[in-house]
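Below, read A as the first sequence line, B as the second, and so on, with proteins coming before strands; counting in each chain starts at 1. All of these numbers come straight from a predicted model, not from anything done at the bench.
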There are 2 protein chains.
Amino acid sequence: MSEIENITIGEVLKRVRKSKKISQEELAHRSSLDRTYISMLERNIKQPTITTIFLLSKALELRPSEFVQQLEDEFEGITIKRTTV
Amino acid sequence: MSEIENITIGEVLKRVRKSKKISQEELAHRSSLDRTYISMLERNIKQPTITTIFLLSKALELRPSEFVQQLEDEFEGITIKRTTV
DNA sequence: ATGTAGACTAAAGTCGACC
DNA sequence: GGGTCGACTTTAGTCTACA
């Protein structure tokens with residue numbers, strides 16, 4: 001229900017992946033996820049579960065909380081619709 | 001397939017919720033999620049997507065990265081495994 | 001090396017009801 | 001207030017294939 005902004009990880013994922021200089025294929029392999037799915041994540045077509053975040057973080061050698069931290073920075077100010085102020 | 005270590009948020013969620021002294025119902029309302037679903041999360045029957053983590057964090061008035069940080073502490077040392085390559 | 005598409009199956013998330 | 005069940009709709013995530 002309602003209009004909730006979806007958290008998209010595309011930009012963060014792509015940026016981190018590139019900084020590690022690995023391909024989507026390589027990332028897919030390291031995280032045991034599908035290559036086409038990684039592609040979808042980066043294009044914000046799908047959003048991951050928490051388990052997937054952990055898998056990706058591990059594959060990218062950074063802490064899940066750091067990964068989420070970067071998402072936070074991006075969604076800062078946008079604020080997910082809070083019905084109860 | 002089989003041995004996937006799922007990231008479960010039950011303990012963390014329940015602990016934080018209780019520390020804020022709010023009921024599952026109240027949390028459900030604040031996060032725009034279903035009460036039975038909150039119940040399932042706390043019993044580790046389901047795992048949330050990243051958007052849900054953000055919703056819950058907001059409702060619990062803590063940063064998503066802090067929430068994840070607490071998950072990390074719990075899963076520290078555990079290697080997420082997914083047997084399918 | 002990436003995007004996209006279609007078909008598929010597992011699981012997320014809702015909802016009403018009862019204990 | 002919280003657990004659980006069943007039925008349901010939507011989306012996560014896989015896989016094959018082609019540009």
Side-chain angles (χ1 to χ4, degrees), chain A residues 1-60 64 67-68 71 80-84, chain B residues 1-60 64 67-68 71 75 80-85:
Chain A
M1 19 201 48
S2 70
E3 349 150 11
I4 297 167
E5 296 279 354
N6 278 330
I7 301 302
T8 52
I9 71 163
E11 291 74 16
V12 172
L13 179 58
K14 191 162 193 169
R15 185 171 67 238
V16 176
R17 176 176 67 77
K18 294 227 161 188
S19 78
K20 301 285 177 178
K21 292 186 168 49
I22 63 178
S23 64
Q24 289 184 353
E25 273 179 339
E26 174 65 13
L27 176 56
H29 180 249
R30 289 195 199 178
S31 60
S32 303
L33 290 167
D34 196 78
R35 201 215 95 218
T36 63
Y37 180 58
I38 303 286
S39 173
M40 285 172 155
L41 286 177
E42 293 195 354
R43 285 174 293 129
N44 297 321
I45 292 174
K46 302 229 169 159
Q47 42 162 354
T49 58
I50 187 63
T51 294
T52 302
I53 293 277
F54 271 65
L55 286 168
L56 290 171
S57 298
K58 216 167 199 15
L60 291 169
F67 198 100
V68 174
L71 289 179
I80 308 172
K81 201 139 190 151
R82 208 198 230 174
T83 46
T84 46
Chain B
M1 349 287 160
S2 61
E3 268 198 90
I4 302 170
E5 295 281 353
N6 279 328
I7 301 303
T8 51
I9 70 162
E11 291 74 15
V12 172
L13 179 57
K14 191 163 194 168
R15 185 171 67 238
V16 177
R17 176 176 65 77
K18 296 225 161 189
S19 79
K20 300 285 178 178
K21 294 185 168 50
I22 64 178
S23 64
Q24 289 185 353
E25 274 179 338
E26 174 65 13
L27 175 57
H29 179 249
R30 289 196 201 180
S31 60
S32 304
L33 291 167
D34 196 79
R35 184 190 67 82
T36 64
Y37 180 57
I38 303 287
S39 173
M40 285 171 156
L41 286 177
E42 292 195 354
R43 284 176 294 131
N44 295 323
I45 293 175
K46 302 230 170 159
Q47 43 162 351
T49 58
I50 187 63
T51 294
T52 302
I53 293 278
F54 270 65
L55 286 169
L56 290 171
S57 299
K58 240 186 192 339
L60 292 168
F67 199 100
V68 174
L71 288 178
F75 286 87
I80 306 171
K81 31 172 143 162
R82 233 177 227 200
T83 47
T84 41
V85 174

Enquirer: In whole angstrom, give the distance that lies between atom CD1 of A:I7 and atom C1' of D:dT11.
Expert: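 Interatomic distance, CD1 of A:I7 to C1' of D:dT11: 16 Å.
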
Enquirer: Rounded to whole angstrom units, what separation is found between the CD1 atom of B:I50 and the P atom of C:dG13?
Expert: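 In whole Å, C:dG13 P and B:I50 CD1 are 11 Å from each other.
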
Enquirer: Does C:dG3 have OP1 or OP2 under 4.0 Å away from a side-chain N or O of A:Q24?
Expert: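 Yes, such a contact exists.
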
Enquirer: Mind checking what makes side chain to side chain contact (heavy atoms under 4.5 Å, CB included) contact with B:T49, not counting sequence neighbours?
Expert: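 B:T49: side chain to side chain contact (heavy atoms under 4.5 Å, CB included) contacts with A:Q47, A:T49, B:T51, B:T52.
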
Enquirer: Looking at A:Q47, does any N or O in its side chain come under 4.0 Å of the phosphate oxygens OP1/OP2 on D:dT11?
Expert: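 For D:dT11, neither OP1 nor OP2 has a side-chain N or O of A:Q47 closer than 4.0 Å.
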
Enquirer: Quick one: B:L55 CG to C:dT14 P, roughly how many Å, whole number?
Expert: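 Distance, rounded to whole Å: 9 Å.
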
Enquirer: Looking only at heavy atoms, which two atoms of B:L27 and B:A59 are closest? And how far apart?
Expert: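 Taking B:L27 first and B:A59 second, the nearest heavy atoms are CD1-CB, 3.6 Å.
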
Enquirer: Hey, what do you get for OG (B:S19) to NZ (B:K14), rounding to the nearest 0.5 Å?
Expert: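 With rounding to 0.5 Å, OG (B:S19) is 13.5 Å from NZ (B:K14).
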
Enquirer: Which angle, rounded to 10°, do you find between the first-five-pair axis and the last-five-pair axis of the helix from C:dT2-D:dA19 to C:dC19-D:dG2?
Expert: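 Roughly 40°, once rounded to the nearest ten degrees.
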
Enquirer: Is there, by distance only and without an angle test, a donor paired with an acceptor across the side chain of A:K46 and the base of D:dA12 below 3.5 Å?
Expert: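 A donor-acceptor contact between them is present.
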
Enquirer: Could you check A:L41 against A:L56 for side chain to side chain contact (heavy atoms under 4.5 Å, CB included), going step by step and ending with a plain yes or no?
Expert: CA-CA 11 Å; A:L41 286 177; A:L56 290 171; 3.9 Å; yes

Enquirer: Testing B:V68, B:I53, B:I50 for side-chain contact (heavy atoms from CB on, under 4.5 Å) with A:L71, which one passes?
Expert: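 Result: among B:V68, B:I53, B:I50, B:I50 is the only option passing the side-chain contact (heavy atoms from CB on, under 4.5 Å) with A:L71.
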
Enquirer: What is the minimum heavy-atom distance between A:P64 and A:S57, and which atoms define it?
Expert: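 Looking at all heavy atoms of both residues, the closest pair is CA-OG, 3.3 Å.
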
Enquirer: Would you indicate, yes or no, if C:dG13 has its OP1 or OP2 atom less than 4.0 angstrom from a side-chain nitrogen or oxygen of B:T49?
Expert: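 Checking B:T49 against C:dG13: at least one side-chain N or O falls below 4.0 Å of OP1 or OP2.
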
Enquirer: Can you tell me the distance, in whole Å, between the CD1 atom of B:I9 and the P atom of C:dA12?
Expert: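 To the nearest whole Å, that distance equals 11 Å.
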
Enquirer: Can you run down the salt bridge (charged side-chain N to carboxylate O under 4.0 Å, His left out) pairs that involve residues 24-51 of chain A, sequence neighbours left out, and say none if there aren't any?
Expert: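 Every salt bridge (charged side-chain N to carboxylate O under 4.0 Å, His left out) pair that includes a residue of residues 24-51 of chain A, provided the two are not neighbours, is A:R17-A:E42, A:E26-A:R30.
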
Enquirer: Considering non-hydrogen atoms only, spot the tightest contact between A:Y37 and A:P48 and give its length.
Expert: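 Looking at all heavy atoms of both residues, the shortest contact is OH-CA, 3.7 Å.
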
Enquirer: Quick one: A:I45 CD1 to C:dA5 P, roughly how many Å, whole number?
Expert: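 That distance rounds to 8 Å.
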
Enquirer: Of all the choices, D:dG13, D:dA17, C:dG13, which nucleotide is nearest to the side chain of A:T36 once you look at every atom?
Expert: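 Ranking D:dG13, D:dA17, C:dG13 by closest atom to the A:T36 side chain puts D:dA17 first.
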
Enquirer: Given atom CD of B:E26 and atom P of D:dG1, what is their separation to the nearest angstrom?
Expert: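 Checked: the CD to P distance equals 9 Å.
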
Enquirer: Using side-chain heavy atoms (C-beta onward) and a distance below 4.5 Å, is B:L60 in contact with B:I22?
Expert: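 They are in side-chain contact.
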
Enquirer: Considering only C:dA17, D:dG13, C:dT4, which nucleotide approaches the side chain of A:R35 most closely?
Expert: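 Output: C:dT4.
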
Enquirer: Whole Å only: how far is the CG atom of A:D34 from the C1' atom of D:dT11?
Expert: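 Going from CG in A:D34 over to C1' in D:dT11 covers 16 Å.
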
Enquirer: Near DNA chain C, counting only heavy atoms under 4.0 Å, which residues of residues 11-20 of chain B show up?
Expert: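 Close to the strand, none.
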
Enquirer: Which of residues 37-44 of chain A have a heavy atom under 4.0 Å from DNA chain D?
Expert: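 Here the set is A:Y37.
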
